[in-house]
Asks: 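For reference, the structure I am asking about is given below.
In each ligand, atom 1 is the first atom listed, and ligand 1 is the first ligand listed.
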Amino acid sequence: MSMRISVIHGPNLNLLGARQPEFYGSDSLDEVNRRIKRRGEELGLDVRILWSNHEGEIIDAIHDAREWADAIIINPGALTHYSYSVRDALTAVRLPAIEVHLSNIHAREEFRRHSVVSPVVIGQIVGLGSLGYLLALEAIQRIVDASHT
Ligand code: DQA
């Protein structure tokens, strides 16, 4: 059976392409998701993608991943910086997770430099645009594979 990866996009990421392209690039979320799907297929992964503007739905998606997924890739948007609920959900499901940010959050406003999620994920990929999601797929596959050997 293929390894199953849940990719979760948080608030405002539906505006990709239109929203501050200097930080987030000019591709729409659909384009980014197509790329994620394509890379997932190349790697032989079963990838499900969810986007929501609502914290509770992000938390539900993390809980659902517990039933379905082997690992999570998440860009929590601004929830990254303050949502202890998203952090607690990630802690509770005990799945390996990678945090992705399109922009380099460490090179922007002060409030973006801190992630409340980082301590409960394996690692963080920032500043590489949509490539970050593709690298996260490869990384999580290797990490999960290594944990089975
Ligand atoms: C973001 C960075 C966050 O600070 C911001 O609130 C976002 C997007 C990123 O992908 O760079 O919505 O997570």
Asks: Check for me whether Arg113 has a heavy atom closer than 4.0 Å to any atom of ligand 1.
Replies: no
Asks: Suppose we measure from atom 2 (C) of ligand 1 to each protein heavy atom; which comes out shortest, and what is that distance?
Replies: Ile105 CG2, 3.7 Å
Asks: What is the nearest protein non-hydrogen atom to atom 1 (C) of ligand 1, stated with its residue, atom name and distance?
Replies: His101 ND1, 3.7 Å
Asks: With side-chain contact (heavy atoms from CB on, under 4.5 Å) as the test, pick out the partner of Ile74 among Leu50, Val100, Val86.
Replies: Val86
Asks: Between the side chains of Asp27 and Arg35, is the shortest nitrogen-to-carboxylate-oxygen separation below 4.0 Å, so that they form an ion pair?
Replies: yes
Asks: Looking only at protein heavy atoms, which one is nearest to atom 11 (O) of ligand 1, and how far off is it?
Replies: Ser103 OG, 2.6 Å
Asks: Considering only heavy atoms, does Leu102 approach ligand 1 within less than 4.0 Å through its side chain, its backbone, both, or neither?
Replies: both
Asks: Within the structure, does Tyr24 bring an N/O atom to less than 3.5 angstrom of an N/O atom in ligand 1?
Replies: no
Asks: Quick test: of every protein heavy atom, which one is nearest to atom 4 (O) of ligand 1, and how far off is it to 0.1 Å?
Replies: His81 NE2, 2.7 Å
Asks: Can you tell me how far the OG atom of Ser85 sits from the CD1 atom of Ile59, to the nearest 0.5 Å?
Replies: 4.5 Å
Asks: Is the contact between Val126 and ligand 1 made by the side chain, the backbone, both, or neither, using heavy atoms and a 4.0 Å cut-off?
Replies: neither
Asks: When you measure from the centre of the six-membered ring of Tyr133, is the NZ or CZ of Arg39 closer than 6.0 Å and no more than 45° off the axis?
Replies: no
Asks: Specify side chain, backbone, both or neither for Phe23, according to which of its non-hydrogen atoms lie closer than 4.0 Å to ligand 1.
Replies: neither
Asks: Closer than 4.0 angstrom, basic N to acidic O: yes or no for Arg142 and Glu138?
Replies: yes
Asks: If we only consider heavy atoms of Asn75, is any one of them less than 4.0 Å away from an atom in ligand 1?
Replies: yes
Asks: Looking only at N/O atoms, are Leu13 and ligand 1 under 3.5 Å apart anywhere?
Replies: no
Asks: Given Thr80, which partner from the list His101, Arg112, Gln124 fulfils the side-chain contact (heavy atoms from CB on, under 4.5 Å) test?
Replies: His101
Asks: How long is the span from the NE2 atom in His54 to the CG atom in Leu79, to the nearest 0.5 Å?
Replies: 11.0 Å
Asks: Does Arg113 reach the main-chain N or O of Arg108 with its side chain, forming a donor-acceptor pair under 3.5 Å?
Replies: yes
Asks: Compare His9, Arg112, Arg108 and give the one whose heavy atom is closest to atom 6 (O) of ligand 1.
Replies: Arg112
